[in-house]
Amino acid sequence: PETLEEPFLKEFPEYVEGLVRGDPGGFVLTPHYGEHAEELYNFHVRPDDIWVLSFPKSGTTWTQELVWLIANDCDFEGAKRDLNVRSPFFEFPYLIPRQEVSSYGHLPPVEKQMQIREKLESPRLIKTHLPLDLLPPQLTDTCKVVYVARNPKDVIVSYYYHHKLIKFHYFDGDMESFAHRFMKDQVWYAPYFGQVLATWEKAKNNPNVLFLFYEDLKKNLEGQIKKVAHFLGKSLTDEQLAKLVHHLTFENLSKNSAVNKEDGKKHGVFNADGNFMRKGETGDWQRYFSPEMSRQIDEWTELNLRGSDITFVDKI
Ligand code: A3P
């Protein structure tokens with residue numbers, strides 16, 4: 001990867017110019033990730049690991065909590081511990097400059113982060129936004145992987161607010177400029193469709209990969225919980241199922257301090273305005289995009305989905 005002058009993050013345009021388009025796959029990440037790419041690629045996967053994969057803002061946290069509870073036999077008491085501890089974010093903080101990591105007093109030094117992941121007790125639940133190409137190559141042949149996807153318009157809106165919330169994005173643009181950046185693959189983890197399509201194809205012929213949609217979780221949470229339980233080989237009593245549905249509603253999860261990431265404010269990582277658990281709706285994009293903007297995103301979506309049998313038409 002290219003190296004950049006610091007501080008490359010201070011201005012969004014500089015930051016975008018500085019994003020690394022790595023191989024394979026041309027995914028967009030930062031040089032700080034580049035320093036560690038090999039270490040992450042060679043990470044030792046355990047057969048009883050469960051990994052939750054997604055493009056940012058697709059319902060990752062929701063899915064992590066759901067999967068953690070099922071994998072841990074509905075241990076609601078244990079689920080009172082911080083989700084970030086129960087289910088670490090694989091590539092973070094390798095994405096941000098070292099000096100920024102050390103300024104977050106609560107985070108261990110970068111060097112310690114991977115050791116912590118390696119020492120976690122089984123079954124580990126690991127979250128990542130990295131595409132399959134950049135993850136340990138044996139991942140989907142070794143352990144279970146749950147992928148969650150969300151319609152791109154709601155992802156754009158949610159990611160825009162995420163950029164406003166998280167200090168180190170230093171983002172000061174408006175929604176429309178953000179949507180254009182998104183479609184030009186100028187955001188972390190872009191291109192969006194690259195990883196969605198690659199995982200969709202992988203899930204077709206690999207029983208270790210379960211592909212979920214945010215919108216299905218919204219429409220039929222109970223049905224999706226049963227699907228995940230079946231995938232993980234777990235059975236649930238009616239009582240557990242009812243408790244899970246209750247626990248996982250937006251209303252309850254957004255009030256749950258072990259999951260809602262409100263402590264990001266205390267640690268100085270988030271701005272005071274806004275919440276990580278923002279709105280939790282399908283179709284919120286309709287409040288933000290003009291008919292012309294919506295048409296452009298549809299066109300971009302259609303172009304990218306040409307030749308694929310995945311569809312978001314019923315998800316919007
Ligand atoms: P919004 O910004 O649209 O509200 P991720 O965890 O991948 O970053 O995704 C965050 C998005 O998932 C946010 O979307 C958040 O509100 C939403 N979310 C989290 N928990 C949810 C729940 N229980 N029900 C619905 N949406 C949820």
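Both ligands and their constituent atoms are indexed starting at 1 by order of listing. Note that the structure is a prediction, hence the values are computed from the model and not measured. The figures that follow rest on heavy atoms only: side chains count, while hydrogens, waters and symmetry mates do not.
Applying the salt bridge (charged side-chain N to carboxylate O under 4.0 Å, His left out) criterion to Glu302, with sequence neighbours excluded, gives no partner residue. Scored by the salt bridge (charged side-chain N to carboxylate O under 4.0 Å, His left out) test, Glu121 finds no partners at all (sequence neighbours excluded).
Counting only N and O atoms by type, the side chains of Tyr147 and Gln195 include a donor and acceptor under 3.5 Å apart. Under the 3.5 Å distance criterion, with hydrogens and angles disregarded, a donor-acceptor pair is assigned to the side chains of Trp51 and Asp49.
Salt bridge status for Lys153 with Asp298: present, with a side-chain N to carboxylate O gap under 4.0 Å.
Annotation: salt bridge (Lys or Arg N to Asp or Glu O under 4.0 Å) contacts involving residues 279-292, sequence neighbours excluded, comprise Arg278-Asp284, Lys279-Asp284, Glu281-Arg287, Asp284-Arg287, Glu292-Arg295.
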Short N or O contacts of ligand 1 with protein, under 3.5 Å, listed by atom name?
from	atom 1	to	atom 2	distance (Å)
ligand 1	2 (O)	Ser158	OG	2.6
ligand 1	2 (O)	Arg278	NE	2.8
ligand 1	3 (O)	Arg150	NH1	3.3
ligand 1	3 (O)	Arg150	NH2	2.9
ligand 1	3 (O)	Arg278	NH2	3.0
ligand 1	4 (O)	Lys279	N	2.6
ligand 1	4 (O)	Gly280	N	2.7
ligand 1	6 (O)	Thr60	N	3.3
ligand 1	6 (O)	Thr61	N	2.9
ligand 1	6 (O)	Thr61	OG1	2.5
ligand 1	7 (O)	Lys57	N	3.1
ligand 1	7 (O)	Ser58	N	3.1
ligand 1	7 (O)	Gly59	N	3.1
ligand 1	7 (O)	Thr60	N	2.8
ligand 1	7 (O)	Thr60	OG1	2.4
ligand 1	8 (O)	Lys57	NZ	2.9
ligand 1	9 (O)	Gly59	N	3.3
ligand 1	14 (O)	Arg150	NH1	3.2
ligand 1	14 (O)	Ser158	OG	3.4
ligand 1	16 (O)	Arg278	N	3.2
ligand 1	23 (N)	Trp62	NE1	3.1
ligand 1	23 (N)	Leu248	O	2.9
ligand 1	23 (N)	Phe250	N	3.4
ligand 1	26 (N)	Tyr214	OH	2.7

